Protein chains: 2
Amino acid sequence: MDNLLKYIRSLTSFSDKSWELLQAALTTKVFKKRELLLKEGQVCNSLFYIDNGYCKSYYEIDGVIKNTGFFFENEITTNINSFGNGQKSEFNIVACEPSKVIIFDKHKLFQATKQANEIETLGRNCIRLFATKQEEFGTLFKLYTAQERLEYLETKHPEILQRVSLSQLASFLGVARETLSRIRKRRTLG
Amino acid sequence: MDNLLKYIRSLTSFSDKSWELLQAALTTKVFKKRELLLKEGQVCNSLFYIDNGYCKSYYEIDGVIKNTGFFFENEITTNINSFGNGQKSEFNIVACEPSKVIIFDKHKLFQATKQANEIETLGRNCIRLFATKQEEFGTLFKLYTAQERLEYLETKHPEILQRVSLSQLASFLGVARETLSRIRKRRTLG
DNA sequence: ATAATTATGTGATGATTATCACAGGTCTGA
DNA sequence: TCAGACCTGTGATAATCATCACATAATTAT
């Protein structure tokens, strides 16, 4: 829980009392590799804080897996649309490594929110960070070619390249794995 | 202001008192076509609620304009990263038609937030909607081809096609305008 | 340990797309 | 209203990418 408290206090002022109230909404779970945090068709009633390990979100379309996001330590992942509107999730979230995850229960969180305004502010800031990340990666596709997208990750998010395999990354970058392999080869030579 | 109040109340319960407190953070401005709401290099200290008209966000890279979002009536636009972290904006937001915009001032909004918890909740919900939209459009590029992205807009967001020119849309869809013209031709025939 | 699975590299080929060039249509402001 | 600015369509060509096929690591499970 120590990491989470530091994370929270990096976002907003948070009294010991707020922290105590928040506990009612939290549970910790260790997910095995390939275990699902969220399954397609379910309603997402949780925010998932990743204490260690990492996860990815992916769609499965006509049997083909399309990765849409990677989430590492000290990040929160969720299906923001499902969480906010109660609609069924169209994608999955899965642990890519054994991962210790702190789960925020939506309904208990909203109850805690009523008791401490700091928790409401925390919620706003978590969603803000999530929105920022979505915007950042969504923009990549409009601005850059596949090769430039790879270079962007190399510069701004090297941790992704270190931990995610080429095949997994290709799907995220929107190119075939063979293409990414060739892009990488061109780059290490030229 | 009537549209805005309806919009707010569609998101969260909002008392007349909260509405009155919120007024201190609001100003209304009519932007001419091509007038900038936010300029690259500026810090974004506002949320922009579009009462009528529409706007787009765009990057200008090596003299080439890349559209990253379109925003219509009853939507809020901003640079969420600049607004939240105080960093300089890397993109512009411009009125594509004469547009009546209600501007939420960040600092005054935060003051109002301290006086009414409903305003904090409103803020969280506005950011949530923004995040949902970012996720939706970011995902398009990972899941679909250019033609499928066009079909998605035709189905889910026909208002964009009705109001945005082909050239402007091509940039948003990440293809050359000639390519979008040909995709459209293929579709209307086949 | 070793068999099975998963990941990566690479060639060949066809499909898709970007880019340049140019023509005609539509909008718009002085 | 009329000239300049924008928008759309289309051909030609080169670049990029997806797909299939197969070989060879690397990893994983029993």
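All values derive from a computational prediction rather than experimental measurement. Proteins come first, then strands; the chains are lettered A, B, ... in the order of their sequence lines, and each starts at number 1. Scope of the values below: all heavy atoms of this structure, side chains included, with no hydrogens, waters or symmetry mates.
Within the structure, a side-chain polar atom (N or O) of A:Thr179 is placed less than 4.0 Å from OP1 or OP2 of D:dA18. Taking side-chain N and O atoms only, B:Ser181 has no distance below 4.0 Å to OP1 or OP2 of D:dT8. At the phosphate of D:dT10, OP1 or OP2 sits under 4.0 Å from a side-chain N or O atom of B:Lys185. Residue A:Arg184 places at least one side-chain N or O closer than 4.0 Å to OP1 or OP2 of C:dG9.
The closest side-chain donor-acceptor pair between A:Thr68 and A:Ser57 falls under 3.5 angstrom. Residues B:Arg186 and B:Gln147 have side chains that bring a donor and an acceptor to within less than 3.5 angstrom of each other. Checking B:Lys88 against B:Gln42 by side-chain atom types alone, no donor-acceptor pair falls below 3.5 Å.
Annotation: proximity of residues 146-168 of chain B to DNA chain D (heavy atom, distance under 4.0 Å) is found for B:Ser165, B:Leu166, B:Ser167, numbered in ascending order.
The side-chain tip of A:Lys133 does not point at the ring of A:Phe130 from less than 6.0 angstrom away and within 45° of straight on. B:Arg124 forms a cation-pi arrangement with A:Phe110, by the criterion of a distance under 6.0 Å to the ring centre and an angle within 45° of the ring axis.
Across D:dT28, C:dT17, C:dC20, the shortest atom-to-atom separation from the side chain of B:Arg186 is found for C:dT17. With D:dT10, C:dG29, D:dC17 as the choices, the nucleotide that has an atom nearest any side-chain atom of B:Arg34 turns out to be C:dG29.
Side-chain rings of A:Phe48 and A:Phe71 stay apart, their centers remaining 6.0 Å or farther from each other.
If you take NZ of A:Lys66 and P of D:dA18, they are 10 Å apart, rounded to a whole angstrom. Look at CD on A:Glu178: it is 13 Å from P on C:dA7, rounded to the nearest Å. Distance, B:Leu180 CG to D:dG9 C1': 12 Å, rounded to whole Å. Taking atom CD1 of A:Ile183 as the reference point, atom C1' of C:dT8 lies 15 Å away to the nearest angstrom. Look at CG on B:Leu173: it is 16 Å from C1' on C:dA18, rounded to the nearest Å.
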Item to check | Worked check of side chain to side chain donor-acceptor pair (under 3.5 Å) between A:Thr12 and A:Glu118 | outcome: CA-CA 8 Å; A:Thr12 186; A:Glu118 283 181 349; over 6 Å; no

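In terms of position along DNA chain C, the nucleotide closest to B:Arg182 lies nearer the 5' end than the nucleotide closest to the other residue of the pair B:Arg182 and B:Arg177.
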